[in-house]
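Below is one structure, written out as structure tokens, with a few remarks after it.
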Amino acid sequence: MALSRARQVLDLDPDAVRAPRGYLDLVGSEPSPTGVAQMLMVTRVVPIVYERWWRPALGRVMKGLRGPSMRQEQHLIRELLAFEEGATVLDVACGPGNYTRAFAEDVGEQGAVIGIDLSATMLARAVSDTDARQVVYVRADVTDLSFRSGSVDAVSCVAALHLFTDPWAALDDMARALRPGGRLAILTTIQPRSRAGALIADVAGRAGGVRIFRPGEVTAELADRRLEITYRGTWGIAQIVGARRSQRR
């Protein structure tokens with residue numbers, strides 16, 4: 001069922017799809033990383049330590065001491081997506097699949113969760129750690145991938161929008177993929193309010209190939225795509241934004 005849903009969402013040609021390692025590979029060769037952050041994501045080490053050590057430590061640096069923990073963050077995003085059993089969910093830049101597996105619990109046996117990532121090493125770890133039949137992983141560049149309009153009930157993009165070469169093109173596709181009433185949840189960067197903090201964050205971001213979004217920039221882009229903002233929380237240089245597609249197309 002998950003593979004069938006993936007083909008509906010991604011408009012896949014069955015004869016052109018290869019799955020030699022347990023995930024659908026739409027890329028083949030390894031693309032060149034655009035910065036230090038992306039370079040680390042395609043190594044063999046980071047996927048091993050990502051869920052337990054890397055992501056919690058990075059999240060604490062981004063969100064500060066007062067920001068939500070990983071458990072609280074995941075609970076909030078699952079609440080913002082608010083999908084029901086049987087839903088089709090798109091997990092963009094799924095990494096080793098920690099959110100993908102959580103969503104699989106929510107959609108039930110009749111649902112489907114499609115995890116998409118560009119890193120072969122991340123997906124290898126995701127496949128090895130996932131046994132839910134309602135999950136399918138796809139290796140693809142989300143900035144060069146068009147989703148079918150109105151094909152999914154929810155889209156998640158956690159800790160990745162700021163790494164994309166063209167985040168707004170990716171957001172176009174994610175927004176278009178949502179059905180009327182469908183929901184989107186994003187965790188990404190945001191500039192600190194102070195000038196000194198914004199300057200430091202910008203310099204550090206450029207050095208690591210990470211885009212630091214201006215306050216209000218992401219929400220404005222979502223509104224331009226006719227998505228209603230349902231939530232926005234900020235901590236340090238991190239923000240979580242929830243949005244919903246209008247019931248009218």
Side-chain angles (χ1 to χ4, degrees), residues 2 37 40-41 45-109 111-117 119 121-137 152-163 174 182-190 192 201 210 212-213 218-219 222 229-244:
L40 290 170
M41 294 302 168
V45 175
V46 172
I48 296 173
V49 301
Y50 184 88
E51 191 167 348
R52 186 170 182 180
W53 304 108
W54 180 275
R55 180 66 171 79
L58 182 62
R60 187 52 60 202
V61 170
M62 290 180 64
K63 292 177 287 190
L65 296 177
R66 296 185 179 181
S69 65
M70 280 284 292
R71 185 187 297 269
Q72 293 168 329
E73 169 196 302
Q74 188 178 100
H75 180 72
L76 172 58
I77 288 176
R78 290 166 82 174
E79 279 193 335
L80 291 174
L81 294 178
F83 50 81
E84 300 177 350
E85 287 193 15
T88 300
V89 182
L90 189 61
D91 188 15
V92 174
C94 64
N98 47 321
Y99 271 84
T100 318
R101 289 186 292 276
F103 297 152
E105 298 175 7
D106 297 333
V107 301
E109 290 295 327
V113 186
I114 303 160
I116 297 180
D117 205 280
S119 169
T121 54
M122 283 288 189
L123 289 175
R125 182 59 189 264
V127 169
S128 69
D129 289 351
T130 303
D131 57 9
R133 294 191 304 170
Q134 58 269 51
V135 171
V136 61
Y137 290 109
V152 300
D153 299 290
V155 178
S156 168
C157 183
V158 176
L161 190 69
H162 46 272
L163 299 177
M174 287 187 271
R183 293 174 181 262
L184 171 74
I186 294 173
L187 187 157
T188 190
T189 60
I190 188 171
V210 177
I212 309 296
F213 295 109
V218 172
T219 51
L222 289 169
I229 306 302
T230 59
Y231 176 86
R232 184 171 72 93
T234 62
W235 308 269
I237 61 169
Q239 63 178 326
I240 293 178
V241 180
R244 178 174 55 202

Nearest 0.5 Å, what's the [atom1]-[atom2] distance between [X] and [Y]?
X: S156; Y: I116; atom1: OG; atom2: CD1; result: 11.5 Å
X: T100; Y: L90; atom1: OG1; atom2: CG; result: 9.5 Å
X: T234; Y: Q239; atom1: OG1; atom2: CD; result: 7.5 Å
X: I229; Y: L222; atom1: CD1; atom2: CG; result: 4.5 Å
X: L76; Y: Y231; atom1: CG; atom2: OH; result: 4.5 Å
X: L184; Y: M174; atom1: CG; atom2: CE; result: 6.5 Å

Using a 4.5 Å cut-off on heavy atoms from C-beta on, say whether the side chain of [Y] contacts that of [X].
X: V89; Y: D91; value: no
X: L123; Y: C94; value: yes
X: R232; Y: I190; value: yes

Of I212, I237, T189, I186, the residue whose pairing with H162 passes side-chain contact (heavy atoms from CB on, under 4.5 Å):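 The side-chain contact (heavy atoms from CB on, under 4.5 Å) with H162 is passed solely by T189 among I212, I237, T189, I186.
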
Ignoring hydrogens and geometry, is there a side-chain-to-backbone donor-acceptor pair from R125 to G95 under 3.5 Å? no

Backbone of R244 reached by a side-chain donor or acceptor of T230 within 3.5 Å: no

What are the two closest heavy atoms between [X] and [Y], and how far apart are they?
X: L81; Y: R183; answer: O-CD, 3.2 Å
X: N98; Y: Q74; answer: O-NE2, 3.8 Å
X: D153; Y: A87; answer: OD2-CA, 3.3 Å
X: L80; Y: A185; answer: CB-CB, 4.4 Å
X: E85; Y: D106; answer: CG-O, 3.6 Å
X: A2; Y: A112; answer: CA-CB, 4.0 Å

Between E73 and Y99, does the side-chain contact (heavy atoms from CB on, under 4.5 Å) criterion hold? Intermediate values first, please. CA-CA 11 Å; E73 169 196 302; Y99 271 84; 2.7 Å; yes

Might you work through the side-chain contact (heavy atoms from CB on, under 4.5 Å) test for W235 and I240, ending with a clear yes or no? CA-CA 9 Å; W235 308 269; I240 293 178; 3.8 Å; yes

Test log, rule side-chain contact (heavy atoms from CB on, under 4.5 Å), inputs F83 and V107: CA-CA 8 Å; F83 50 81; V107 301; 3.6 Å; yes

